[in-house]
Each structure stands twice: as structure tokens, then as C-alpha cells.
Protein chains: 2
Amino acid sequence: MALNKYSNADKILLAVDCIIFGFDKGGLKILLIKRDFEPEQGKWSLMGGFLKEDENLDEAAIRILQHLTGLRTIYMEQLYTFSKVDRDPVERTLSVAYYALIDIAMHDQELVNTSAQWFSLDKAPHLIFDHSQMVEKAIARLKRRALSKPIGFELLPPKFTMRQLQKLYESILDKKLDKRNFINKINSFGILVRLDEKDTNASKKGAYLYTFDKVKYDEKVLEGFNFKI
Amino acid sequence: MALNKYSNADKILLAVDCIIFGFDKGGLKILLIKRDFEPEQGKWSLMGGFLKEDENLDEAAIRILQHLTGLRTIYMEQLYTFSKVDRDPVERTLSVAYYALIDIAMHDQELVNTSAQWFSLDKAPHLIFDHSQMVEKAIARLKRRALSKPIGFELLPPKFTMRQLQKLYESILDKKLDKRNFINKINSFGILVRLDEKDTNASKKGAYLYTFDKVKYDEKVLEGFNFKI
DNA sequence: TATATAAGTGTAAAAAAAACACTTTACAAT
DNA sequence: ATTGTAAAGTGTTTTTTTTACACTTATATA
């Protein structure tokens, strides 16, 4: 077997860009950093870096995100590979976009000492290159995902109220949902456990706290469901 | 603005592999070729080649598919980028998988003089590298797609019978559907036009021929639907 | 103790999906 | 000419899912 190299083919730079969605009581947000090298230094950008010879894309995404933001153990999913010839003015570069969902409060500590900042989706600044297009595609994917699989485990604190979960869905789907119908639907999936504790931050009466039944939650992630709401 | 190159980053080979699904009266099939260079020469493989410096991925996919099979004007969609470090034994190579759906009979002429062959999904040979994994992922995507958007325009002849369309859905979803429920559902989308012609190939009585109302079809592709069946 | 605020709860109507079987047509075989 | 055969065509009922909708409860605070 002749193991010559594929000598005629072009080698190309491969970037990985990370779209991190976060959620807190202010709603759905996106994490951006100030780019610290040319071109477009000082402009807002996704967290990005280059794939190395000896790592796969998932690994690169984790390394790059951690390097730029301090965020660890974030599960990211591959979104799409962007390949317009002139997408980067410096040099031909493809970029594989990854996205993830996290609970802002939970990861706040990791983000100190970085230039990373959270932006509400509608107040995000203009982004470099084709990063805005990446974000758009990620939002579309996130919406589709929210309708076909449970969402929230990564975005909410370990204990949360029904209203927080509903707000999360409302932010992602970008529409108001009916309180009772939402509860009925969510309960029909059997992925929630109601605790005997209440959260009194947001109301005088106090709202029951819930956790996810991780086993059932994961089952539903695999089998998918139809959150037609 | 300093337009230095990104000099420290690794450059890597980028392949594009094409998964072509075809449909005819034998059901859903996949197009494969005998690989004509080492390694794995003579083994079955997806249609693949390398991305060039001056083209984007969509263009590369079209070029590669046409070069290897003669197929022209096939609309392919990006599926996923595969990046395991040792996925190609010769040299570090990433591969971006693309997939498309075509009507076998319609493109038969283009495929003469190539080593490309159609295989039923369950009778496909072992494929090189991670190509089987690519095909699996493409099948999963195809199923999801069939449930959320109309499918068939690219896979069926211009005129087709209701039963052909149903068989197409049955092949993709890999389950039997009820004839009457299928017709009612499809008709509710308003994407079909019944012609006054009949097709008598498959039955003595003859079956009405249909075409797609392309405008309504495209609308439904954009807005999506819920083919819960 | 009155008020204000968010939480919690159930039912009825409408829409969608699923289950289900007989008739029609025309060719082929006798 | 009659009968058999093979696929096409056609509606209704039941069940499930979705939607719309409004009042009561708990408690902190004025």
C-alpha cells in the first residue's frame, strides 16, 4: 500500500468559532470578546482560534473557549462550517462554528479576568467577518432544538422554578407561552421533579423549586419529542 | 491594519465527501464508487476530493461530484465536518460531508462511463475510513428532514403517482404508512396537483399522475411543516 | 388589616392524528 | 363471455393532542 501524501491538494487554515448562549433572569444572552489582534483588533467577535494538527474539532473548540474565557467543561455541539473564500481578509480560512448553552450565574466566576462579556441577543454589537451570520444560524438551530428535545439542563441552575423554565423557552422561541399549557406539557414528559422547597426571590408567595430527573431528561434528549407549543 | 498572515497556525487538508441518495421503484439507494487510488484502492467509497484554495465548500462538492460521476446541477446540503485525527491513514485530513437527493432514472445517462453504482441502503458494502458513519448521519438527517419539510421534488420524476410518493416516504422513514391517512395529510399541504393522466405501469386500473406545485412546495420548504405520521 | 404581586390550578372546545374496509377498474386467464 | 386478480381510490369514527381561558391562594409590605 503506497502511503504517499496527497501531495497535490491545498492545505488550508481551519478556525473554530464558539457561540455561547447563556441564560439568567435578564433572559437569553450571548458571550462575546474584544478581539485582541489584527485585523479588526478591538472589535467584538466570537471566541475563535485555529485547529491544530493533532486535535479534532471538538477538542479545539474546548481548548479555544477555555483559553479565551476560562470556561471549562462546556459541552459544545458542531453547528456548520463556513467557507466563503474571502470570509477572512488576511488569509483563506474556513471556520467551523460550535455552539453551547450555559447557566450564566453558574459560570460567572470563570469569566473574571477576561474581556468576554454577555450581550442580550437584541443588543449585541456588530461582529467581525461572518460571525453575525454564524450567530443567526445558531439561533435558528437552538429554536429547532428547543422544539424537539428538552432544553434547560445546561442553562438553568440546579434548582429552578417552573417560571424560570418557561421564561427560558419564551426567550428561545421568542414568543409568549400560556402558563397552564406550558406546565401541562412539560409535566407530560416526566422530566421534572418538584422539590419541597420554595424560591421566594421573585414572589411573596414563593414558587416551588424543581430539578430535572436526569435519567428521564437524557432519555428524552435521545428519543426527542414534539414540543408543539 | 497589519495584514500579516496567521503564521503560527497549522494548515490542514480538507476533503469533501458526497452522499447521494437516489430513489426509483427499487426504493431508496445510495451512490458509491470504487476508489481508484491508494490507500484502499478498489474499495467502495463515497465520492470525495479535496477543497481547493480558491473555492468554497459548496462549489467543491459540486465539482467533485461532477468529476467523479458526471452528475450536474445537483443541489447538495452540508451535513457535518468529520475531524478525527486518524480518520485518514495517509495524512491528517478533515472531511466535510455533503448530501443530496436525486431521481435515479432522471440521472441515469450522466452516470454511464463511471465506476459509480447504486446500492440499496441495506445492501451497501463496507466503506472506507469513516464513510459509513457519514452515511448513517446523513440518513438520520434525511429522516428528520422528511418530517419537517416536503421531500420528493428532487427524488421523483416530474410526474409521479401518489403511491410512489408514499413509497418514498416509507423508504426514508423506514416504516409502513396508511394509504388514506397519507393522502389526506399530503393533500392538506396543497403542494400537489393531480393531472388528468394516468400511469398504467404498475396497475391495470392505472393511477393518477401528480406534479408538485413548485411555488407552494417551496413555500412549505421555507416555513416547514409537521409531518407527524 | 388592606393591598399588591406572583403562583398555582382544571376544564371545555377545537383540531389533528389514527384506525379502519369496501368498491372500482381493467387486464389476463380460462 | 365470464371470472379472477391486482392495485387504485375513497370517508368516517374514535382517540389524542392542542388551545383557550379566569379565578383562588399565599404572603410580604404599606
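Here the structure is a predicted model, which means the values were calculated and not measured. Quick note: numbers below take in every heavy atom, side chains included, and nothing from hydrogens, waters or symmetry partners. So that the names make sense, note that chain A is the first sequence line, chain B the second, and so on, each numbered from 1.
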Worksheet item: Between B:Tyr208 and B:Tyr210, does the ring centre distance come in under 6.0 Å?
Response: no
Worksheet item: Could you give the CD-to-P distance, from A:Gln164 to C:dA6, as a whole number of Å?
Response: 15 Å
Worksheet entry | Separation of atom NZ in A:Lys198 from atom C1' in D:dA28, rounded to whole Å | 14 Å
Worksheet item: Does the gap between the ring centers of B:Tyr169 and B:Phe227 come in under 6.0 Å?
Response: yes
Fill in: Nearest-nucleotide pick for B:Tyr208, side chain only, options being C:dA7, D:dG9, C:dA26
D:dG9
Discussion item. From CG of B:Asp199 over to P of C:dC27, roughly how many Å is that when rounded to an integer?
Written reply: 14 Å
Worksheet item: Once you round it to whole Å, what is the distance between P of C:dA15 and NZ of B:Lys228?
Response: 17 Å
Worksheet, complete the sentence: Among the nucleotides C:dG8, C:dA17, C:dA6, whichever has the atom closest to the side chain of A:Ser203 is C:dA6
Item to complete: Taking only heavy atoms on the protein side, list every residue of residues 175-191 of chain B lying under 4.0 Å from any atom of DNA chain C, sorted numerically.
Response: B:Asp178, B:Arg180, B:Asn181, B:Lys185
Worksheet entry | Length of the NZ-P vector between A:Lys25 and C:dA6, whole Å | 15 Å
Fill in: Given D:dA8, D:dT27, D:dT5, the nucleotide with the shortest approach to the side chain of B:Arg163
D:dA8
Worksheet item: Mapping B:Gly206 and A:Thr200 to their closest nucleotides on DNA chain D, which lands nearer the 5' end?
Response: B:Gly206
Item to complete: Would you sort out whether B:Asn56 and B:Asp58 count as a side chain to side chain donor-acceptor pair (under 3.5 Å), showing the intermediate values?
Response: CA-CA 6 Å; B:Asn56 66 32; B:Asp58 293 6; 5.6 Å; no
Worksheet entry | Pairwise 5' ranking along DNA chain C for B:Lys204 and B:Phe227, keeping only the more 5' one | B:Phe227
Practice prompt. Apply the test side chain to side chain donor-acceptor pair (under 3.5 Å) to residues B:Thr161 and B:Asp199: give CA-CA distance (whole Å), side-chain angles for both, the deciding distance (0.1 Å), then the verdict.
Written response: CA-CA 7 Å; B:Thr161 66; B:Asp199 171 290; 6.0 Å; no
Discussion item. Please determine whether a side-chain nitrogen or oxygen atom of A:Arg194 lies at a distance below 4.0 Å from atom OP1 or OP2 of C:dG8.
Written reply: no
Discussion item. Any heavy-atom pair between the side chains of B:Leu71 and B:Leu31 that's under 4.5 Å?
Written reply: yes
Fill in: Rounded distance (Å) that lies between atom P of C:dG8 and atom CE of A:Met162
8 Å
Item to complete: Using a 4.5 Å cut-off on heavy atoms from C-beta on, say whether the side chain of A:Ser45 contacts that of A:Glu40.
Response: no
Worksheet entry | Minimum-distance pair of heavy atoms, taken over all atoms of A:His107 and A:Ile74 | CE1-CD1, 3.6 Å
Fill in: Nearest-angstrom distance from the residue atom CZ of B:Phe225 to P of C:dA16
15 Å
Worksheet item: Nearest to the side chain of A:Lys205 - C:dA6, C:dT24, C:dT5?
Response: C:dA6
